[in-house]
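Order of the sequence lines fixes the chain letters, A, B, ..., with proteins taken first and strands second; residue numbering starts at 1 for each chain.
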2 protein chains.
Amino acid sequence: MLTHAAEDYLKSIYKLQEKGGKVSTGILAEYLDVKPASATGMIKKLKTMKLVRYERYRGVTLTAAGRAIALEIIRHHRLLELYLFKALGVPWDGVHEEAEKLEHVISEDVEARMDEFLGYPTADPHGAPIPDKNGVVAEVASVPMTDLQNGQSCVVAEVSDNDSALLRHLGSFNLYPGTAFRVIEVAPFEGPFTIDIAGQQVVIGREVAKHVFVDQVRDPDNV
Amino acid sequence: MLTHAAEDYLKSIYKLQEKGGKVSTGILAEYLDVKPASATGMIKKLKTMKLVRYERYRGVTLTAAGRAIALEIIRHHRLLELYLFKALGVPWDGVHEEAEKLEHVISEDVEARMDEFLGYPTADPHGAPIPDKNGVVAEVASVPMTDLQNGQSCVVAEVSDNDSALLRHLGSFNLYPGTAFRVIEVAPFEGPFTIDIAGQQVVIGREVAKHVFVDQVRDPDNV
DNA sequence: AAACTAATTTAGGCATGCCTAAATTATAGA
DNA sequence: TCTATAATTTAGGCATGCCTAAATTAGTTT
């Protein structure tokens, strides 16, 4: 069995590799809140375990074996988030932190029981896809909200899960995965978005919008 | 925050102290499956944290602060056992191992939510009392089954939780906390117990009986 | 092509928590 | 009382995983 730390590294490499290919030591270290020197050390260990491809100064990527473990941990994490949310009523903005600790510790049996209880779900409370038991993840087809144009309507697909305060903020607008909205106005010069959610107008700053990803984008019906 | 290892030591000292006062290094080490030298090391650390009273060669006991932490961990453990059993259907003989890992990792919030879900229970699936949030534990009034005499009837109060095979064995007789039975015969010379559970006669060996604790002992009605 | 800069790696240290082997101590028995 | 034995403690080592500081390297700039 791997250590919790090693599992965290694999999970992080997976996520960073998703958006950007090879993962540099510095980026990884920052993501894990660790010094680059520490990341180098762990990367070397993971390489000897053949979980990672690595050459000095050249960045890391996961091997198939490393990816399988990363997806297993991510599956734990997202099932736990959804379970805590649905079964225990843990608030939206609290499930990530809790799952972060539990993901390393639950058995395959408990994983399977949560999965069954939840009806074999495919997304966590933030809209992130849950890999199935074979490590197959749904493709992410959503685009950042910052790509939207005036008048377009869409549905929230996913929001970043790691900032609790941001999640509370989004929650206060009812901006959950599945929520539909329409862009009323995009202020020029990197300005905020004014959107219509179920008849309510809300203004969303660009920094916040960066963390919201949307689906089913449609141009205005009336031209 | 304490390390998981330190928490395990405190929990173990608490349990051993329950039945036998001062806890020797050797007993503690054996209970934790660790060498005595390692136990000495941790005991010293716990002493500097004032969680434990200790003098060389003289054994350990918990201070009030140490006891409070031990009870908190035990509360986590027992709530988790019951939760896993009731909410997720984890089998009787599997909850202990699972809870052993989770107990160090759940938040107070999740603890409280499980407690509420379970209706503020007072005993885990093995009949062990669950300390309340203030660290108050119910007195254990049960006696070992091996104290029973011919003809006496009683109710199972508690069974040891740490041996999965033993639990499966007891389960196969329906010997759960709350189950009533009557002693038909105690074979002489440290022999087995023949008991009547809801009309079924079963034979229970002494080694097994040592791990069963009973309540509400009554002498036979008809003399 | 040489030099500079920024990123990365190496070297050496520290805490945790375990181990083995050797010393110490308590305690019971001669 | 003195000694033998069994338990305990000390001493020294090892793996993990982090750190800081110093050296190295890649890649760009001049």
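- At a cut-off of 3.5 Å, with distance as the only test, no side-chain donor of A:H126 or A:H96 sits close to an acceptor on the other residue.
- Residue A:R56 places at least one side-chain N or O under 4.0 Å from the OP1 or OP2 atom of D:dT25.
- Straight-line distance from the CG atom of A:L2 to the C1' atom of D:dA15: 15 Å, rounded to whole Å.
- Within 4.0 Å of B:G26, counting heavy atoms only, lie sugar-phosphate atoms of the nucleic acid but no base atom.
- In this structure, of C:dG17, D:dT9, D:dG17, it is D:dT9 that holds the atom nearest to the side chain of B:Y54.
- In this structure, the CE atom of A:M49 is 12 Å from the C1' atom of D:dG17, given to the nearest Å.
- A sub-4.0 Å separation between OP1 or OP2 of C:dC18 and a side-chain N or O of B:Y9 is present.
- Atoms NZ (B:K45) and P (C:dG17) sit 5 Å apart, rounded to a whole Å.
- In this structure, B:K22 atom NZ and D:dA7 atom C1' are separated by 15 Å, rounded to whole Å.
- A:E55 places its CD atom 15 Å from the C1' atom of C:dT9, with the value rounded to the nearest Å.
- Taking only side-chain nitrogens and oxygens, B:S24 comes nearer than 4.0 Å to OP1 or OP2 of D:dT8.
- Contact check, B:R58 against C:dT27: a side-chain N or O comes under 4.0 Å of OP1 or OP2.
- Using a 4.5 Å cut-off on side-chain heavy atoms (C-beta onward), A:E98 and B:V110 make contact.
- Atom CD of B:E30 and atom C1' of D:dA7 are 13 Å apart (whole Å).
- Aromatic pair B:H104/B:H76: centroids not less than 6.0 angstrom apart.
- The separation between A:H4 atom NE2 and C:dG17 atom P is 14 Å, rounded to whole Å.
- Closest approach of B:V105 and B:K101 over heavy atoms only: CB-O, 4.3 Å.
- The side chain of A:S38 contributes no N or O atom lying less than 4.0 Å from OP1 or OP2 of D:dC18.
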Kindly indicate, with the supporting measurements, whether the criterion salt bridge (Lys or Arg N to Asp or Glu O under 4.0 Å) is fulfilled by A:R75 and A:E103.
-> CA-CA 8 Å; A:R75 175 169 158 81; A:E103 64 187 7; over 6 Å; no

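- In terms of polar N and O atoms assigned as donor or acceptor, the side chain of A:Y57 never comes within less than 3.5 Å of the base of C:dT9 in a complementary pairing.
- If you check every strand for non-hydrogen atoms under 4.0 Å, A:A37 touches a base.
- Between C:dT20, D:dT20, C:dT9, one nucleotide has an atom nearer to the side chain of B:K35 than all others, and that is C:dT20.
- For B:I43 and D:dT10, the CD1 to C1' distance is 14 Å, given to the nearest whole Å.
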